[in-house]
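Worksheet: one structure, shown below.
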Number of protein chains: 2
Amino acid sequence: MRVLKAMEQTNFLPNAMARNLAKNKSYLLGVMIPDVKNTVLDDLIHGINHVSELYGYNTMLSLTSGMLENELHYFNKFREIQADGIILASDYLKENLITNIKQTNIPCILVGRDRSDAIPSVHIDNITAAYEAVTYLIQQGHRKIGMLRLRNEDIASGYHRYQGYAQALTEAGITINGDWVIECGVSVEDGMMAMRKICETTDIPTAIFCATDRIAIGAINYLYERGLSVPDDISIYGFDGIDMASIIRPKLSTVKYSATEIGMTAARNLIKLIKGETITPRHWVIPHYLKNRESVRLLK
Amino acid sequence: MRVLKAMEQTNFLPNAMARNLAKNKSYLLGVMIPDVKNTVLDDLIHGINHVSELYGYNTMLSLTSGMLENELHYFNKFREIQADGIILASDYLKENLITNIKQTNIPCILVGRDRSDAIPSVHIDNITAAYEAVTYLIQQGHRKIGMLRLRNEDIASGYHRYQGYAQALTEAGITINGDWVIECGVSVEDGMMAMRKICETTDIPTAIFCATDRIAIGAINYLYERGLSVPDDISIYGFDGIDMASIIRPKLSTVKYSATEIGMTAARNLIKLIKGETITPRHWVIPHYLKNRESVRLLK
DNA sequence: CAAAGCCAGGAAAACGCTTTCCTTGATTTA
DNA sequence: TAAATCAAGGAAAGCGTTTTCCTGGCTTTG
């Protein structure tokens, strides 16, 4: 009692390392993220940090560049440092890591990768979202619809967005034109290059569905430089709802969702998991909605 | 020897907590940053992470929202967790924290705040950069030049950018029109609102120097909505050189510098400091340059 | 008033590693 | 061959906490 008071007065700071060692608990959450240079992921971090802070946890951020070897590396780092749990925002997710996670049975939540089985996850319904966006384009009278899709089939969200696109087209009785489906990196420049490829086809589509807003912004940018008008010549649809989407001209129509909310539910449930609570459901899907703005034209 | 081999085989992971406790070294770098929703800071994080990774350090990121109480809070958190050193990206920096840092004498590097005395720092020369940008505007024939400046005088970089602006004007024999200097938050929306205030003045300036690119983008956005043309009606100059600056139309003229490099030198020197090396100089200024694009018009 | 029950405070063990010290067996040298 | 040198492995102490256990003094109860 008295000794405690003395501690207060000398503004003594306990050694967290020693405490963690003794308690066998680190109050540390490992967070793996491909990149911070991405508005969506920024929001995700905010969400995660917010609730982990709330529960007295610290977060440790690792940038994986979406590469498996880095993920493996940091996974072990997190284990070494005795992280209580891990949030893994990974699109490129080989089974390798999955089994790794399972056999160490460290609490873990997957983010952004839907339809995953073994490990709890939180994500949006990419297939449905893409389906709705492309269906909207069809409703606006478009039938020649291309897609700037993510490059690697291993990228789950990218693949699902393509699936939704394909599904919407086939359902409308439209056959997919392979020339109009371009694989594309994630940067604005990648979007520009991909759009160029589309413009080089003999028959140019009237609308393009883009896998991300950054790609869409790149596409718009390229079209502008080429002297083509969006949406008069070509309509563009984005995905993610980043803030720049409402700033560029024309304002970008896009699929919007709250990455902050993804982050929050991920952190919230990871902490439950850590506490040993059983969480149900094991997969959360965060709502999305279409934000239709100016970049799509009604084709009569 | 044999026991080591056995460890390898059972893929044993050492407990970093125990190791750190025993060695009295955490290989942890605490990083305090106002916000991640800012391209500049993203680059900064990349730079820091890159070199800390190189030297075998882990980084722990804390978001302070630029608030002193949070900085104090995380500062103690970092001490508790035995961080080997701290990188503090703080604009709003009361002496309070400074003395705190000094008396605990934990290795620490300041980022983004120039002209600081006590603690080693890395930053750009905001005053000169702003001076050069505004001087460029003057050279282009502008004399009615406003500024969208950061709100709080405690925000060092914001204040210095204003100083550079003021200096350029006075040197050119132009008196500052208070109606054209608007205090402004950091978001795109803030930029829009501030620009509106400028437009409501009876005499509208021909050029606006903006404290950040995001503000500049907001300004351009507002002018577009109001039916005014950039640069025909009003010229806009930004600051930071974020990637969106070259994407929006018109392409934004701006002061560019490498935040990545800031982060890298900060981390590099923090680690030196931790190792007990004496670092000299104690303040590094990272170069900047003007990136003149389309948003400024030549006034004859 | 004595025996039983409590509570607070102190001592000791444990957490998993590093570091230091010491032993033991091997190698070198005269 | 015996003494001196060396290297490697094992034992023990220490890092700063938490947790468990124990003791001694205090309060309660019959």
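FYI, side chains are in, hydrogens and waters are out, and symmetry mates aren't considered; it's all heavy atoms of this structure. Here is how names work: the chains are called A, B, and so on, in the same order as the sequence lines, proteins then strands, and each is numbered from 1.
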Whole angstroms only, please: what is the [atom1]-[atom2] distance between [X] and [N]?
{"X": "A:Tyr27", "N": "D:dT18", "atom1": "OH", "atom2": "P", "result": "11 Å"}
{"X": "A:Asn20", "N": "D:dT17", "atom1": "CG", "atom2": "P", "result": "11 Å"}
{"X": "A:Ile81", "N": "C:dC17", "atom1": "CD1", "atom2": "P", "result": "14 Å"}
{"X": "B:Arg19", "N": "D:dT17", "atom1": "CZ", "atom2": "C1'", "result": "19 Å"}
{"X": "A:Leu13", "N": "D:dG16", "atom1": "CG", "atom2": "C1'", "result": "13 Å"}
{"X": "A:Met17", "N": "D:dT18", "atom1": "CE", "atom2": "P", "result": "15 Å"}
{"X": "A:Lys25", "N": "C:dG16", "atom1": "NZ", "atom2": "C1'", "result": "18 Å"}
{"X": "B:Leu21", "N": "D:dT17", "atom1": "CG", "atom2": "C1'", "result": "8 Å"}

Review point. B:Tyr162: what forms a ring pair (Phe, Tyr, Trp, His ring centres under 6.0 Å) with it, not counting sequence neighbours?
Key: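 Expected list: B:Tyr165.
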
Practice item. Compute the bend angle of the helix from C:dC1-D:dG30 to C:dA30-D:dT1 from the end axes (five pairs per end), rounded to 10°. Key: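 The angle, to the nearest 10 degrees, is 50°.
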
**Study point:** Charged N-O contact under 4.0 Å between A:Lys275 and A:Asp84
**Key:**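 Answer for the salt bridge query: no.
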
Point to revise | Carboxylate-amine/guanidinium contact B:Lys256 B:Asp213, below 4.0 Å | key: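 No salt bridge links B:Lys256 with B:Asp213.
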
Practice item. Would you verify whether the NZ or CZ of B:Lys25 falls within 45 degrees of the ring axis of B:Tyr27 while also being under 6.0 Å from that six-membered ring's centre? Key: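 Yes; both conditions hold, so B:Lys25 lies above the ring face of B:Tyr27.
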
Point to revise | All side-chain hydrogen bond (donor to acceptor under 3.5 Å, both in side chains) counterparts of B:Tyr159, not counting sequence neighbours | key: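 side-chain hydrogen bond (donor to acceptor under 3.5 Å, both in side chains) list for B:Tyr159, sorted by chain: empty.
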
Check your understanding: From A:Leu28 CG over to A:Ile81 CD1, what is the distance, rounded to the nearest 0.5 angstrom?
Key ->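 Separation between the atoms: 6.0 Å.
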
Exercise for review: Quick one: label A:Asn15 by what it contacts on the DNA or RNA (base, sugar-phosphate, nothing), any heavy atom closer than 4.0 Å.
Suggested key: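 The answer is sugar-phosphate, as A:Asn15 gets under 4.0 Å only of primed atoms, P, OP1 or OP2.
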
Practice item. Select one nucleotide: of D:dT17, D:dT18, C:dG16, the one nearest the side-chain heavy atoms of A:Lys23. Key: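 For A:Lys23, the side-chain atoms sit closest to D:dT18.
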
